[in-house]
Enquirer: 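Quick one: this structure, given as structure tokens, is what I'll be asking you about.
Chain letters run A, B, ... following the sequence lines, proteins first, then strands; residues in each count from 1.
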Amino acid sequence: MTIHNAEIAGLFGRYATLLEIKGANPFRIRAYRNAARTIESLPRDVSVMLQEGYDLAELPGIGDDLADKISNIIEREKFFELEKIEKQMPAGLVDLTAIPGLGPKRVKTLFDKLKVRSSEDLAKAVRAGRLKGVRGFGPKFEQSILKALGHPAAEKRVSLAAAEHIAEPLIQYLKAIPGIESVAAAGSYRRRRETVGDLDILVTCQHPEPVVEHFAAYEEVSKTLARGTTKASVRLKSGLQVDLRVVPRRSAGAALVYFTGSKAHNIALRAIGRKRGLKFNEYGVFRGKRWLAGRTEAEVYAQVGLPYIPPELREAQGEFEAARAGHLPRLVAATDIKGDLHVHTEASDGDATIREMADAARALGYAYIAISDHVSRIGIVHGLDAKRLVRQMTEIDRLNAKLQGFRILKSAEVDIAPNGSLALDGGILAELDVVTASVHAKFDLDAAAQTERLIRAMDHTCVNIIGHPTGRLIGEREAYPLDMKRLLAAAKERGCFVELNAQPTRLDLCDVHVRLAKDMGVRVGIATDAHSPATLAYMRYGIDQARRGWLEPDDVINTRPLSALLKLLER
DNA sequence: GCCGTTTTCGGCCCGACTGTTTTCAGTCG
């Protein structure tokens, strides 16, 4: 039983909250939170890194002390300091801080004065009217606490695609308000994270009050959470929270940096500024009281001698070092993509014909599309057998003969059996232009076996790409256990590639694994796995994720023209 | 508890909003 990064991050998070309630040094608390964030966003388990002799103190925000504590947690499978503090303060206090409006200070007051140690205790105390004599807890607070206890905030992050469906109409609505100069979505939405917890909308205009008023009157608003003169927060009927912020025009760039985040990026940016005697806030860059810049984001970064850093990179994961050295990646963009490497037709579980998919791809300006219907042993989504695959290849030849300047690639998404063998053996797969091999069943192997399974699949020299390598479905199904580093090393040895599946529910590989692939020199194929012509448009979600993984056009195989792609696919 | 191209000590982001108070602490992002 190994401890995974998320659990270690969780332990540090709980510990930080309890320290906060206890009233410990705020910077020590922040150190634990920073460390938790670092650990959570690592591509590999720290337990594995430790085994390989990696010095955890080299990780950002982790020093000798925390490195020791992490090793101890991994060794003993418990966090001694957390258990110690939980003897002084009930663990339930951590959950109380999840109630909106209840932070560490108030939770401590409730514990000290009323012996409240859990949400049940709190509910009883409120109903018994015991909150009344406690300083700082008025009638409104009682109301909101009761309400929160009745409806536990089942806040869930939504997929980026779902967030788009909510954000875009709202942005259009705001743009139509008279006097509006600009409207932009910031936050994790702008950084193109695969899921979004809330929306941050930034508006510039001369007179903020009417804008805030219009915003609160948006028909999708179910509740106004807070509303001032330049700022408001609402919850929409969809459940998503939206924060609006209005700033003057000369602050547009500064505010965009500020509200795009990430938090870690902003903290690092401010630290750099501070060394130069500069102060950064949402209104601009200041020296003392003097405003220096803030109209555009580039202007803000230029104040500390840095080039513009694309939002997708703003995660404090090396972008400042790269920017300083002039090595920021030229991120792959939609216009770089020359074709789609993974689509289905009605021959398996798709909706359209080969011709329809090809026409749709051409309309997108592509030079090629790979028809990769399922090839599987019995049972899975009408997989093709050898006979039907041969027939499909003949049809593709016939269609290609009529096409000019466009090529339909013969392909297949071949199922990988638990032992790593392919659903279809023999020479026929070798006749395809590109073969993607994927796992569709038996997700519960342990990491070693699952990794071995995928590596065995790549031993077949016909295989080019591992499809949706981790099998995760965002918010529905966890990735199967897998040693990604080993898989990537094996792919590199064999001249194989990994897919970045652009389905918004998959986005598999995730951003950190994409970055790992890049660092290890394994090229990536961005593919939509489209089952209809319309969903070829999912490509842009794949590109978003690729950019978050620092991919440049050369790192992506389907940025190449047909001839170069085919050459790359020879093994 | 972390960190260092001003520092191995002395810093560590900061402004808006709410509720409760009567000038501000706490929370949030």
Enquirer: Tell me whether the side-chain N/O atoms of Arg28(A) come closer than 4.0 Å to OP1 or OP2 in dG1(B).
Expert: yes
Enquirer: Using a cut-off of 6.0 Å, state whether more than 12 heavy atoms not belonging to Gln172(A) lie near its atom CD.
Expert: yes
Enquirer: Under 4.0 angstrom, heavy atoms only, what part of the nucleic acid is Ser233(A) near: base, sugar-phosphate, or nothing?
Expert: nothing
Enquirer: How many whole angstroms separate atom NZ of Lys263(A) from atom P of dG15(B)?
Expert: 15 Å
Enquirer: Quick check: on DNA chain B, is the nucleotide nearest Phe280(A) upstream (toward 5') of the one nearest Tyr32(A), or the reverse? Name the residue that is more 5'.
Expert: Tyr32(A)
Enquirer: Any side-chain heavy atom of Leu256(A) within less than 4.5 Å of one from Val300(A)?
Expert: no
Enquirer: When you look at CD of Gln88(A), are more than 12 heavy atoms from neighbouring residues, nucleotides or ligands closer to it than 6.0 Å?
Expert: yes
Enquirer: Taking pairing as Watson-Crick or G-U wobble with both contacts under 3.5 Å, can you name the mate of dT8(B), or confirm there isn't one?
Expert: none
Enquirer: Round to the nearest Å and state the distance from Arg227(A) atom CZ to dG19(B) atom C1'.
Expert: 18 Å
Enquirer: Can you check the Phe259(A) CZ to dG15(B) P distance for me, whole Å?
Expert: 11 Å
Enquirer: Using whole Å, report how far OH of Tyr283(A) lies from P of dG15(B).
Expert: 9 Å
Enquirer: Looking at every strand, decide which applies to Ser144(A) at a 4.0 Å heavy-atom threshold: base, sugar-phosphate, or nothing.
Expert: nothing
Enquirer: Are Arg540(A) and Tyr538(A) in a cation-pi setup, meaning NZ or CZ lies under 6.0 angstrom from the ring centre and within 45 degrees of the ring axis?
Expert: no
Enquirer: Hey, is dT22(B) sitting syn or anti, using the within-90° cutoff around 0?
Expert: anti
Enquirer: Donor-acceptor pair, distance only, cut-off 3.5 Å: does the side chain of Asp483(A) make one with the backbone of Lys485(A)?
Expert: yes
Enquirer: Can you tell whether the side chains of Glu52(A) and Arg44(A) come within less than 4.0 Å, N to carboxylate O?
Expert: yes
Enquirer: Go through the N and O atoms of the side chain of Asp198(A) and the base of dG29(B), and report whether any donor-acceptor pair is under 3.5 Å.
Expert: no
Enquirer: Is Asn25(A) touching bases, backbone alone, or none of the nucleic acid, heavy atoms closer than 4.0 Å?
Expert: base
Enquirer: Roughly, in whole Å, what's the span from CZ in Phe27(A) to P in dC9(B)?
Expert: 19 Å
Enquirer: Please tell me which of the listed nucleotides, dC17(B), dG15(B), dC2(B), lies nearest to the side chain of Asn281(A)?
Expert: dG15(B)
Enquirer: With C1' as the reference atom in both, quote the distance from dG29(B) to dC13(B) in angstrom, rounded to an integer.
Expert: 12 Å
Enquirer: Under 3.5 Å, is there a donor-acceptor pair linking the side chains of Gln241(A) and Asp243(A)?
Expert: yes
Enquirer: In whole Å, measure the gap between the P atoms of dT8(B) and dG4(B) for me.
Expert: 13 Å
Enquirer: Give a yes/no answer on whether the side chain of Lys69(A) brings an N or O atom under 4.0 Å of OP1 or OP2 in dG1(B).
Expert: yes
Enquirer: What distance, rounded to whole Å, do you find between the two P atoms, one in dT21(B) and one in dA16(B)?
Expert: 24 Å
Enquirer: If I pick the C1' atom on dC2(B) and the same atom on dT7(B), what distance separates them, to the nearest angstrom?
Expert: 14 Å
Enquirer: Can the positive tip of Arg314(A) be found less than 6.0 Å from the middle of the six-membered ring of Tyr308(A), inside 45° of the ring normal?
Expert: yes
Enquirer: Tell me, do Glu282(A) and Ser251(A) make a side-chain contact under 4.5 Å, heavy atoms counted?
Expert: no
Enquirer: Lys279(A) near the nucleic acid: base, sugar-phosphate alone, or nothing, with a heavy-atom cut-off under 4.0 Å?
Expert: sugar-phosphate
Enquirer: Which of the following nucleotides, dG29(B), dC17(B), dG1(B), is nearest to the side chain of Asp243(A)?
Expert: dG29(B)
Enquirer: Taking the C1' atom in each of dC17(B) and dT23(B), what is the distance between them to the nearest angstrom?
Expert: 16 Å
Enquirer: Would you mind reading off the distance between Arg30(A) atom CZ and dC13(B) atom C1', rounded to a whole angstrom?
Expert: 7 Å
Enquirer: With C1' as the reference atom in both, quote the distance from dC12(B) to dT6(B) in angstrom, rounded to an integer.
Expert: 16 Å
Enquirer: Are Lys237(A) and Glu219(A) within salt-bridge range, i.e. N to O under 4.0 Å?
Expert: no
Enquirer: Return the value, rounded to whole Å, for the distance between atom NZ of Lys132(A) and atom P of dG19(B).
Expert: 16 Å
Enquirer: Using only side-chain N and O atoms of Asn266(A), determine if any of them is under 4.0 Å from OP1 or OP2 of dC13(B).
Expert: no
Enquirer: When you check every protein heavy atom under 4.0 Å of nucleotides 22-27 of chain B, what one-letter string (B, S, -) results, 5' to 3'?
Expert: ----SS
Enquirer: Looking only at the side chains, is there a donor atom on one of Thr260(A) and Arg190(A) sitting less than 3.5 Å from an acceptor on the other?
Expert: yes
Enquirer: Quick one: are Arg515(A) and Gln317(A) in side-chain contact, heavy atoms under 4.5 Å?
Expert: yes
Enquirer: When only distance counts, do a donor and an acceptor, one from the side chain of Tyr258(A) and one from the base of dG15(B), lie under 3.5 Å apart?
Expert: no
Enquirer: How does each nucleotide of nucleotides 3-8 of chain B score, in 5' to 3' order, for protein heavy atoms under 4.0 Å: base (B), sugar-phosphate only (S), or none (-)?
Expert: S--B--
Enquirer: For Pro26(A), report the nucleic acid contact type (base, sugar-phosphate, nothing); a contact means any heavy atom under 4.0 Å.
Expert: nothing
Enquirer: In whole Å, what separates the P atom of dG11(B) from that of dT22(B)?
Expert: 34 Å
Enquirer: For Leu56(A) and dG1(B), give me the distance from atom CG to atom P, rounded to whole Å.
Expert: 16 Å
